[in-house]
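The next block holds one structure in the form of structure tokens; read it before the comments.
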Amino acid sequence: MSRSAPLAPTCTSLVLVLVLALTACDGGGGGAVHGSPGASGVRDPYFPKAGNGGYDVTHYDLDLAYEPDTGRLTGTATISARATQDLSAFDLDLKGLDVDGVTVDGKGARWNRAGQELTVRPHAGVDEDATFRVTVRYHGTPGTITDPDGSEEGWLRTADGALSLGEPTGSMAWFPGNHHPSDKASYEVTVTVPKGLRAVSNGELVSERSTGGRTAFTWRATEPMASHVATLAVGDYDIRRSTTAGGLPVYVAVDPTLAGASRKVPAEIPEIIDWAADVFGPYPFSSTGAIVDRDGDAGYALETQNRPVFPGVPDTDLLVHELAHQWYGNSVTPKTWRDMWLNEGFATYAEWLWQEEHGGDSAQETFDALYDHGDRTYEDLWSFPPAKPTSAAHLSGTPVYQRGAMVLHKIRQTVGDTAFRALLRGWATAHRHGNADTADFTAYVEKQAPGKDFDAVWADWLYGDGKPARG
Ligand code: TRP
Ligand code: ZN
């Protein structure tokens, strides 16, 4: 539906009749524009300014050029979205960088910036349910963002290029967007780099073209993706391509200095993916792989969609962890950052299950060891319940990972092995390519296991303070 010409007269006549409409028509920054500004955040309990209200992104098209020598990034982001309210203005999240121009549906739009909020005022409003396209041209030297827990993310420069890490808020360092896990979208990313270097991103490589000393790589991620698991790696990489037994493309990019040490990685990935598909259900994406950079290039591994990022050669447990996130975290994505244990508890439990089925400790043994003396290794193990991290600085704390996995083990003890397997698989299926929160999870478990009593598991293990009774 067109939303240009009829708007102003409608708005004017509303003003004549309704005093209320005065506020609804304000905020256009030009002529009378109806609607109201979208919220500057989605009120995440830990990052209230993350994401934005009033629209849903369906697709990001990023056209970028990067110069490793200077650290300069030049970009055009074209964002397709659908309005969820009548909008006079809306925000995108972007940290640092200089904005050169913004259009909405091809027409110049007013914009201004305050902190991480880039506020866009389209020349005419956007009607609720209308689809629209925002184009942001920008450039600059993207920076790192320091997490509340002190870790570094955003845009990390490396010896031979750069690596982006987005969890929880790093992606706003390299492209404008609706940077909250609740708004997933498809992506197409084209990156032009000096010839000889490569650019690796999510999804599949659809083209690679060299002209005049530069190469442009186009990556397409068709399944919905949360922006914190978008990635871009620029550098000198050895590429190993293969396919899993089921025909899934595997694309592994390895820093050449680690070529020997990471020889096993391309063989381990298909083995883990096939095992995980057996346990968790069909793999949710159209390709897999990994990006293996040097040890110091990042402070942590991340489950970036399709192909996780590793600083240094991953061991098998870490590979299992990040690949399990493709089901739990990337396909089933938390509604808010408070639900982080739905990612980390599951990915940690995947490691326990892998060990149990590959000659290591049983999950029961892992649970018992953690319960009895886990606080010797993890002194914060009992410091807060997994579903209620103390603050944004605790989202990657031990209770989210280890005690989150213990919650799953308590469920397994309550329902038995067979029903537990069905739950793991069923949860991934029920919310495939969607979002879910802790209440969705507890409701799902109770519905699937009628007559079982989970009260103590929820009250003590999931939400309760302190060390729970073993139960
Ligand atoms: N989610 C990542 C993983 O489990 C780890 C991670 C992401 C992290 N962001 C972080 C760890 C910030 C510490 C701090 O694989
Ligand atoms: Zn994890």
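Both backbone and side-chain heavy atoms feed into the values below; hydrogens, waters and symmetry mates do not. Just so you know, ligand 1 is whichever comes first in the structure, and atom 1 is the first atom listed for that ligand. What you see is a predicted model; the values in this text were computed from it and never measured.
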Parallel, tilted or perpendicular: rings of W155 and W174 (30°, 60°):
tilted

Have a look at the Zn ion (ligand 2) and estimate, to 10 degrees, the angle subtended by OE1 (E344) and NE2 (H325).
100°

Salt-bridged, R470 to D368, with N to O below 4.0 Å?
yes

Using a strict 4.0 Å threshold on nitrogen-to-oxygen distance, state whether R412 and E356 make a salt bridge.
yes

Parallel, tilted or perpendicular, judged at 30° and 60°: which one describes the rings of H179 and F175?
perpendicular

Test: D460 and K410 ion pair at under 4.0 Å:
no

Decide, yes or no, whether a salt bridge links E208 with R198 under the criterion of side-chain N to carboxylate O below 4.0 Å.
yes

Mind checking what residues have non-hydrogen atoms under 4.0 angstrom from ligand 1?
D147, D149, S151, E167, Y300, A301, L302, E303, H321, E322, H325, E344, S396, Y401

Do E204 and S287 have a side chain donor and acceptor closer than 3.5 Å?
yes

Atom name of the N, O or S atom of H321 nearest to the Zn ion (ligand 2) is NE2

